[in-house]
Amino acid sequence: MMAILFNHENNFKNYLMYGKRQYMKQKNVVYEQGDIGEGFYYLDSGLIKVHTSTPLGKERVLNIVLPGQLLGVQAMDQQAHFTTATTVKDSVLYYFSYDDFKTLITLHPPILNLITKSIIQKMHILAEQINLHTLTTEQQIAAVLLNIYHDFKNYEIPLTQKDLATCTGLTRISVYKTLKKWKEKKLIDSKNKRFLIKNPDLLKNYLFHS
C-alpha cells in the first residue's frame, strides 16, 4: 500500500526523461482495481489516494501518494492491480511503461534495487491492511500517517488536516478530534501544514490495539 520516495536517496527527477508526462484533473482514476498493469507512475505534483473496496462495497483508503513517490509498481509486469488510484488534487504524473523500465534499469542499474524495495514495502503494508477487516476512524488515520512516515523515512509528513479528511473520506470534525486527542497524548504534533510524528512506535501500537 506504499509508494517509495526517492528525493533523499536517488532523485528520481533525473530519470523523468524516460517517462511520459501526464496531467490529470482532480477525481480522475489513474488505474483501477482489476486492470492489467503495464507500467508504473511517478507523482511529480498533486495528491493521489490508493484505495480498495471491502466485501460490502465500501471504499477503504490504503495509502496516500505524495509528490516524489512511485505508484503502481507492483503490477507493472502485466499483473492485475488489486487497488485503485484516484487523484485527490490536479496532478502531474510521469508514466513508465515496462519497456521504459527495462531501458531505465539497463542504463541505471541501481534503480532496480530501489523499485524492488518499493514493491516489497507495498505488499507488506497491503497484507497488514487486508487483515484489518474493520477500521475505526482512529485506525484509518493512524494507518495513513504511518504508511507515509515509513515511505518518507521522516517524522514530518507534508499533509494538511483537509488533505487527510479528503483522502480518507472522513469528516474534518472526526479528523480534528482524533488529531487533537493524539496531540494531547504527545503522539503527534502539527506545524506549517505538516504532521510531526513524535512517537511512531506508540502510534503503531495504537493502530493495532485501539
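Side-chain contact, Thr171 with Ser174: a donor N or O sits under 3.5 Å from an acceptor N or O. Side-chain atoms of Lys27 and Thr86 include no donor-acceptor pair closer than 3.5 Å.
In this structure, Asp201 does not pair ionically with Lys204, as no charged nitrogen and carboxylate oxygen lie closer than 4.0 Å.
Not counting sequence neighbours, Lys177 has no partner by the salt bridge (charged side-chain N to carboxylate O under 4.0 Å, His left out) test. With sequence neighbours left out, Lys89 forms a salt bridge (charged side-chain N to carboxylate O under 4.0 Å, His left out) with Asp163. By the salt bridge (charged side-chain N to carboxylate O under 4.0 Å, His left out) test, Lys185 is found to be paired with no residue, residues two or more places apart in sequence or in another chain being considered.
Residue Gln78 qualifies as open at atom CD: its count of foreign heavy atoms under 6.0 Å is 12 or below. More than 12 heavy atoms of other shown residues, nucleotides or ligands fall within 6.0 angstrom of atom OH in Tyr23. Other residues, nucleotides and ligands place no more than 12 heavy atoms under 6.0 Å from the CD1 atom of Ile173.
Residues Phe12 and Phe96 place their aromatic rings such that the two centres sit under 6.0 Å apart.
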Problem - Step-by-step side-chain contact (heavy atoms from CB on, under 4.5 Å) determination, Thr87 to Val29 - result: CA-CA 7 Å; Thr87 55; Val29 173; over 6 Å; no
Practice task
List the steps, then state whether side-chain contact (heavy atoms from CB on, under 4.5 Å) holds for Asp44 with Leu93.
Solution key: CA-CA 5 Å; Asp44 193 44; Leu93 303 98; over 6 Å; no
Practice task
Show your reasoning for whether side-chain contact (heavy atoms from CB on, under 4.5 Å) applies to His51 and Gln33.
Solution key: CA-CA 9 Å; His51 52 100; Gln33 190 170 343; over 6 Å; no
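With Ile141 as the fixed residue, the side-chain contact (heavy atoms from CB on, under 4.5 Å) test singles out one of Leu170, Thr136, Leu146: Leu170.
Of the possible polar contacts, one joining the Asp90 side chain to the Gln26 backbone as a donor-acceptor pair under 3.5 Å is found.
Residues Tyr176 and Ile157 fall into different hydrophobic clusters, defined by Ile, Leu, Val, Met, Phe, Trp and Tyr side chains chained together at heavy-atom separations under 4.5 Å.
Ring-plane geometry between His108 and Tyr18 is classed as perpendicular, the angle between the planes exceeding 60 degrees on a 0 to 90 degree scale with a lower cut at 30.
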